[in-house]
Amino acid sequence: MAASSWKSTLYPSEQFVEACGAIVFDTSTEPKQVMLLYHSGCDEWLLPKGRRNCNESRKDAAKREVREESGYDIELRPLTMATRAPSDWETADVKDVARTYDDLTEPFMLDVRDLGQSKGVKLVWWFIAKLGGIAGEGEQQFQPKFFQCDEAIQTLTFQQDRNVLIRALEVVESSADKYAPQAESDVELAHGLDTTLETTT
């Protein structure tokens with residue numbers, strides 16, 4: 001029997017869970033702002049995300065979770081970014097390398113979390129979105145608040161969330177974004193901040 005040339009770990013369905021979240025920008029302000037959620041029970045500032053339901057797409061899960069937790073509707077933002085996923089017009093045998101495409105609403109980040117103690121893994125898919133409007137009341141334990149981008153990075157409780165937000169800012173600012181030009185570099189502000197490593201849950 002031939003051995004695989006790469007490291008591989010198999011997880012049965014009871015050993016993994018998928019979650020989806022979004023970095024939500026309010027582009028009606030100048031400079032733009034980003035939404036964080038304050039979890040009053042844990043005294044934590046977080047990015048909105050939650051578990052994907054059975055038979056639900058990742059994009060729909062991200063939009064639903066933001067709506068449920070914050071009370072806001074969102075629209076996924078078409079962006080120019082690199083991905084190893086082939087486009088729908090390329091041949092099936094296209095080489096597996098990163099290519100840059102316009103108008104993508106794909107995940108820009110995947111966070112793989114080892115849950116430890118034989119609990120398997122959690123896969124968190126992150127999207128970039130813009131504020132769509134108020135849908136109703138969010139979940140009681142969460143209080144949404146909008147921050148300027150540099151302040152949002154400082155406010156987030158966990159370093160992993162800060163890293164996700166910093167990457168989102170890089171993607172937005174390097175993209176041919178169709179919603180609003182960037183008046184200043186939020187990425188430069190972000191990389192000037194202290195990024196002391198913390199443990200996320």
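Only a predicted model underlies this, so the values are computations on that prediction, with no experimental measurement involved.
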Where is the tightest heavy-atom contact between [X] and [Y], given as atom of each residue plus distance?
X	Y	result
Met81	Pro107	CE-O, 3.7 Å
Leu46	His39	CD1-CB, 4.1 Å
Phe127	Arg58	CE1-O, 3.8 Å
Lys32	Thr27	CB-CA, 4.4 Å
Val66	Ala22	CG2-CB, 4.0 Å
Thr80	Ser175	N-OG, 2.7 Å

Rounded to the nearest 0.5 Å, what separates atom [atom1] in [X] from atom [atom2] in [Y]?
X	Y	atom1	atom2	value
Glu173	Leu79	CD	CG	12.0 Å
Glu75	Thr105	CD	OG1	11.5 Å
Lys130	Ser28	NZ	OG	8.5 Å
Lys59	Ile74	NZ	CD1	12.0 Å

Quick check on Arg51: does its CZ atom have over 12 non-hydrogen neighbours (other residues, nucleotides or ligands) under 6.0 Å away?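 Not more than 12 within 6.0 Å, no.
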
Taking only residues two or more places apart in sequence or in another chain, which ones pass ring pair (Phe, Tyr, Trp, His ring centres under 6.0 Å) with Trp125?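 With sequence neighbours excluded, Trp125 shows a ring pair (Phe, Tyr, Trp, His ring centres under 6.0 Å) to no residue whatsoever.
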
Salt bridge (charged side-chain N to carboxylate O under 4.0 Å, His left out) partners for Asp26, two or more places apart: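 Asp26 satisfies salt bridge (charged side-chain N to carboxylate O under 4.0 Å, His left out) with no residue once adjacent residues are dropped.
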
Applying side chain to side chain contact (heavy atoms under 4.5 Å, CB included), name anything that partners [X], two or more places apart in sequence or on another chain.
X	answer
Met109	Trp126, Val164, Arg167
Ala19	Lys122, Val124
Ala152	Val34, Leu36, Phe147, Leu165
Arg64	Asn53, Glu56, Ala61, Arg67, Glu68

Tell me, which pairs form a ring pair (Phe, Tyr, Trp, His ring centres under 6.0 Å) where one or both residues lie in residues 55-86, sequence neighbours left out?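 Sorted result for residues 55-86: Tyr72-Phe146.
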
Ring pair (Phe, Tyr, Trp, His ring centres under 6.0 Å) pairs, two or more places apart, involving residues 1-23: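 Qualifying pairs: none.
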
Taking atom types as modelled, is there a side-chain donor on Gln159 or Asn163 under 3.5 Å from an acceptor on the other?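 Asn163 and Gln159 do have a side-chain donor-acceptor pair below 3.5 Å.
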
Tell me every residue that passes side chain to side chain donor-acceptor pair (under 3.5 Å) with Thr155, counting only those two or more places apart in sequence or in another chain.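 For Thr155 there are no side chain to side chain donor-acceptor pair (under 3.5 Å) partners, ignoring immediate neighbours.
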
Under a 3.5 Å distance rule, please check whether Glu65 uses its side chain to pair with a backbone N or O of Pro48 as donor and acceptor.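 Pair absent, no side-chain N/O of Glu65 close to backbone of Pro48.
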
Test applied, side-chain contact (heavy atoms from CB on, under 4.5 Å); reference residue, Leu47; option that passes from Val24, Leu156, Leu37: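 Among the candidates, only Leu156 passes.
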
Does anything in residues 1-13 form a salt bridge (Lys or Arg N to Asp or Glu O under 4.0 Å)? List the pairs, not counting sequence neighbours.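 Non-adjacent pairs meeting salt bridge (Lys or Arg N to Asp or Glu O under 4.0 Å): zero.
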
Can you give me every donor-acceptor pair (side chain of residues 134-144, partner residue at least two apart or in another chain, under 3.5 Å) with its distance?
residue: Glu139; atom: OE1; partner: Gln141; partner atom: NE2; Å: 3.2

All N/O donor-acceptor pairs, side-chain side in residues 85-98, below 3.5 Å, sequence neighbours left out:
residue: Ser87; atom: OG; partner: Trp89; partner atom: NE1; Å: 3.2
residue: Ser87; atom: OG; partner: Glu90; partner atom: OE1; Å: 3.2
residue: Glu90; atom: OE1; partner: Ser87; partner atom: N; Å: 2.9
residue: Glu90; atom: OE1; partner: Tyr101; partner atom: OH; Å: 2.7
residue: Glu90; atom: OE2; partner: Tyr101; partner atom: OH; Å: 3.3
residue: Thr91; atom: OG1; partner: Asp93; partner atom: OD1; Å: 2.8
residue: Asp96; atom: OD1; partner: Arg84; partner atom: NE; Å: 3.0
residue: Asp96; atom: OD1; partner: Arg84; partner atom: NH2; Å: 3.4
residue: Asp96; atom: OD2; partner: Arg84; partner atom: NH2; Å: 2.8

